[in-house]
Visitor: 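First the structure, then my questions, so here it is.
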Protein chains: 2
Amino acid sequence: MEWSIQDIARLAGTTSRTLRHYDQLGLLVPSRVGGNGYRYYDEECLVRLQRILLLRQLGLGLPAIAEVLDGQRDTVAALRTHLALLEQERDRIARQIASVRTTLRKTEEGEPLMAEEVLDGFDHTRYEQEVTERWGREAYERGDRWWRSLSDAEKKAFQQQHLDIARDYGRAHQAGAHVDSDEVQDIVRRHVDWLSVTMNPTKEYVIGLGEMYVADPRYTANYDRHGEGVAAFVRDAMKVYAERNL
Amino acid sequence: MEWSIQDIARLAGTTSRTLRHYDQLGLLVPSRVGGNGYRYYDEECLVRLQRILLLRQLGLGLPAIAEVLDGQRDTVAALRTHLALLEQERDRIARQIASVRTTLRKTEEGEPLMAEEVLDGFDHTRYEQEVTERWGREAYERGDRWWRSLSDAEKKAFQQQHLDIARDYGRAHQAGAHVDSDEVQDIVRRHVDWLSVTMNPTKEYVIGLGEMYVADPRYTANYDRHGEGVAAFVRDAMKVYAERNL
DNA sequence: GATAGAAGTTGACGCTGCGTCAACCTCAAG
DNA sequence: CTTGAGGTTGACGCAGCGTCAACTTCTATC
């Protein structure tokens, strides 16, 4: 089945002019253009538009959206990450709701307000960095062509490398090593080398990735299984490495 | 307590330049400006900023936000409506989550997609109209100076007028009257006259208000207590009236 | 076939809400 | 005094549209 430009513009709450603009940018190319120049969109386009709309809603600019979409072509995996982001957004709104309730209660009771409480949940400016890092990671682990080119054994070995790195971080942390020690920095070097197979990590990327390991419970769990506080330890070690070497 | 411009810019995820811009527009005026020209914000400013950020998040332009904020000065009432809007937004995201789950399931099972399902929850372009209508209504029912100037008896009489109108809509609907009949149009005229006490309803406003009666369950309930389908009946009657008379 | 209105096209322009930068001042700590 | 953090105003430009004009195509009706 396919839809006209106005069909989906209406449903998406946008305009045909915007969709043509997206076409011009190569962001959402219609599945077919009729002999009359009319654009038609199929289901694949629909899903792609859904992804675009979500990322716009999260505040990403169009070039970043294009990067994210090009970085992950496996629709099912993308939709799963989609879900995770929406759930995060739902949680943020829940925090806003709690914040307004607190403000309301304190206003009625004449209690002093705390700025952090009043504005909790309203800062969503880090989404672009967070999303591109997350999608970046998804891309090279699951959807990237390079990844797909690996045999199962190669994939296993690559993943094992990361498990080894995580284990070694844990050991060093447990042994009380300093984040800037040679031992720990060597683990970070292996980690960054591991990242470098499919990309060229910038200093900012490495620092941001370390922060993401702490901020996102799922990544934190990857490291903290080796001991409580390992994720933060990794973040700090990566920061040191990035500042010294990248 | 008070905060510097950077204190709250950071918490709100915005810039001091934006806050100065808001000051220039008169949208968020600092509670104090030091002898050195530095801006400081108190708790009242914090709450006002919270309201601004929410309305921005909902897509309202700054002039509309100013209008909304000026229309409702009772902080507690405003925060309650705030909550209602956030809950609505949470529900919209829940619909998005359901939509992505549906897309995911259908993609995995190879089922055809329906455009309405895929894009459900992604259209949030009507917020400006909806919010201003809702706040407009709140303003004149609760927070408006005119409303406050009425005695309790006068308030009761004014509200009774609306109850009478709703009852009469119900009776006409039950009697099978047509939305464009003289009888029903006379009820609409009384309704529009009732609205006209504190404002000058435009054609678009009246049509949009009728649509809101159907779209928002709380308003629908006001009318449908007189019989199922009365809200839609009122909407249609108002549309006919607006197109003929406004 | 003619007509009218809906549905689409491209291209140009302008708008809104910022973000960035320059040039400057003020404050605080050493 | 010096330096860097924290603030100011003003100017400019940007991104992502929305609107409009001028046009073509399609569809339904007579």
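Note that these values count all heavy atoms, side chains included, but never hydrogens, waters or copies made by symmetry. Proteins get letters first, then strands, A, B, ... in listed order; numbering begins at 1 in each.
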Visitor: Using a strict heavy-atom distance below 4.0 Å, which residues from residues 19-43 of chain A are in contact with DNA chain C?
Guide: A/Arg20, A/Gly37, A/Tyr38, A/Arg39
Visitor: Ignoring the backbone of A/Ile5, work out which of C/dT9, D/dG18, D/dT8 is nearest its side chain.
Guide: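 Per side-chain heavy atoms of A/Ile5, the pick is C/dT9.
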Visitor: CD of B/Glu111: more than 12 outside heavy atoms within 6.0 angstrom?
Guide: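 Correct, the count exceeds 12.
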Visitor: Under 3.5 Å, is there a donor on one side chain and an acceptor on the other for A/Glu89 and B/Gln96?
Guide: no
Visitor: Could you list all the salt bridge (charged side-chain N to carboxylate O under 4.0 Å, His left out) pairs where at least one residue sits in residues 15-36 of chain B, not counting sequence neighbours?
Guide: B/Glu2-B/Arg32, B/Asp23-B/Arg39
Visitor: For the pair A/Arg48 and A/Glu44, find out whether any cationic side-chain nitrogen is under 4.0 Å from an anionic carboxylate oxygen.
Guide: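 Looking at A/Glu44 together with A/Arg48, the answer is no, because their closest N to O distance does not fall below 4.0 Å.
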Visitor: side-chain hydrogen bond (donor to acceptor under 3.5 Å, both in side chains) with B/Asp7: which residues, sequence neighbours excluded?
Guide: B/Ser4
Visitor: In terms of the nearest nucleotide of DNA chain D, which residue is placed more toward the 5' end: B/Asp7 or A/Thr18?
Guide: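 It is B/Asp7, whose closest nucleotide lies nearer the 5' terminus.
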Visitor: What is the distance from CD1 of B/Ile65 to P of C/dT16, rounded to the nearest Å?
Guide: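 To the nearest whole Å, that distance equals 14 Å.
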Visitor: Which nucleotide wins on minimum distance to the side chain of B/Arg17, given the candidates C/dC18, D/dG10, C/dA12?
Guide: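 The listed nucleotide nearest to B/Arg17's side chain is D/dG10.
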Visitor: Can you figure out which of D/dG18, C/dG17, D/dC17 approaches the side chain of A/Thr15 most closely?
Guide: D/dG18
Visitor: Is it the case that the side chains of B/Thr18 and B/Thr15 hold a donor-acceptor pair, with the cut-off being a distance below 3.5 Å and no angle test?
Guide: yes
